[in-house]
**Q** 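Sharing a structure, written as structure tokens. Questions coming.
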Number of protein chains: 2
Amino acid sequence: MARPVDTAAPSLVDDVSFLLARANALALAAGNAALAEHGLKARSYSVLVLSLAADAPTQRDLAEFLRLDPSQVVALVDGLETRGLVERRADPSDRRVKVVVATPAGRALAARAHVSAGEAEERAHAALSADERETLRDLLRRVAFPGADG
Amino acid sequence: MARPVDTAAPSLVDDVSFLLARANALALAAGNAALAEHGLKARSYSVLVLSLAADAPTQRDLAEFLRLDPSQVVALVDGLETRGLVERRADPSDRRVKVVVATPAGRALAARAHVSAGEAEERAHAALSADERETLRDLLRRVAFPGADG
DNA sequence: TATTGTTATACTCTATAACTATA
DNA sequence: TATAGTTATAGAGTATAACAATA
């Protein structure tokens, strides 16, 4: 840029929260671009991946894990269900809850999308070595899940 | 939570981009809550802090640095200018560009808001030691500004 | 009474294009 | 012809409240 902001004087570049926001914006843009060819975005990809788990999540679980309002999860699951990628299954023990589980088509798409997402992440974090990426992953995990203790 | 998502089976918790998104969501929520008492949000706080620089940024600079569209910067600067926190000054050498510079009131508010934001960040990253936080800052800086080379 | 999923609604944020004034 | 700032607008994302079914 012709007239760059002085990155030394303001404390913004030393603000971890700001760096977090900017790094996330870059990774999100790269991730969404990579997932677009599969008809997915970061949100729907996350729901799809979580629905692969052996212990399938309820919509409430998804909302808590992804920090979304339950009403937003409805729309995300609707979109995936319409495409035949996930199914809603009533829980026999509590008929209020609905468990979200990936279909075979959903599992296949998730596998392909995972490759694309991995490539995008590779490019987004090209500035870091493998060791540094591992360190970043561990530190972020502890910040993102404060109560985990592990 | 009563029925937690299995955090081992899905690869989402090993996905740096996902951890980045969740860590950012937590830090953003904490930051916005802390800044609210000053009538600021993360966005407006960022503009205000950048306008403190000796080499005051143009609106174009702000847009690039914050990864916002120039039209969004207009609204942010409008809000701060209405409150008397920043001023738009025409650049004599190029009368198209407008430089954004904090007023004394803006500087004073920025100082108070900086304290609140720092406390929020302290709480948000309480899981990390001082050394670890410094490591996180360095790694994020390189991911957030890929072209910096140092 | 409390909780899960759902619907509806309003608000914010984001992206895009067009306009003006300067260069 | 190109660029900085501005305006307008539509779309996506987000937050909130209320509702039905079930516990």
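Just so we're on the same page: letters track the sequence lines, and every chain starts at 1.
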**Q** Distance alone, cut at 3.5 Å: any donor-acceptor contact between the side chains of S129(A) and D131(A)?
**A**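 No pair is found: no donor N or O on one side chain lies under 3.5 Å from an acceptor on the other.
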
**Q** Enter the distance from L140(B):CG to F145(B):CZ here, rounded to the nearest 0.5 Å.
**A**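 With rounding to 0.5 Å, CG (L140(B)) is 11.0 Å from CZ (F145(B)).
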
**Q** Which of residues 23-48 of chain A sit near DNA chain D, with a heavy atom under 4.0 Å from it?
**A**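 Output list: K41(A), R43(A).
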
**Q** Verify whether one side chain among T135(B) and D138(B) offers a donor that lies under 3.5 Å from an acceptor in the other.
**A**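 Per modelled atom types, T135(B) and D138(B) side chains form no pair under 3.5 Å.
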
**Q** How do R88(A) and R96(A) order along DNA chain C: which one's closest nucleotide is nearer the 5' end?
**A**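 Result: R96(A).
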
**Q** Decide if atom NE2 of H38(A) counts as having more than 12 heavy atoms of other residues, nucleotides or ligands within a radius under 6.0 Å.
**A**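 Yes, enclosed.
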
**Q** Across the strands shown, which category fits D94(A) at heavy-atom distances under 4.0 angstrom: base, sugar-phosphate, nothing?
**A**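 The answer is sugar-phosphate, as D94(A) gets under 4.0 Å only of primed atoms, P, OP1 or OP2.
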
**Q** Among dG5(D), dT14(C), dG5(C), which nucleotide has an atom closest to any side-chain atom of V74(A)?
**A**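 Selected nucleotide (nearest to the side chain): dG5(C).
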
**Q** Does S71(B) contact dT14(C) through a side-chain donor or acceptor facing the base, at a distance under 3.5 Å?
**A**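 Answer no: no donor N or O sits under 3.5 Å from an acceptor.
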
**Q** Any N or O donor-acceptor pair under 3.5 Å from the base of dT22(D) to the side chain of R95(A)?
**A**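 Not at all, since no donor on one side and acceptor on the other fall under 3.5 Å apart.
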
**Q** Could you check which of dT16(C), dT14(C), dG5(D) has an atom nearest any side-chain atom of L68(B)?
**A**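 Output: dT14(C).
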
**Q** Please determine whether residues L26(A) and V16(B) belong to a single hydrophobic cluster, defined as Ile, Leu, Val, Met, Phe, Trp and Tyr linked transitively by side-chain heavy-atom distances below 4.5 Å.
**A**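 The answer is no; the residues belong to distinct hydrophobic clusters.
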
**Q** Under 4.0 Å: is that the gap between some side-chain N or O of Q59(B) and OP1 or OP2 of dA4(D)?
**A**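 Answer no for this pair, as no side-chain N or O of Q59(B) is under 4.0 Å from OP1 or OP2.
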
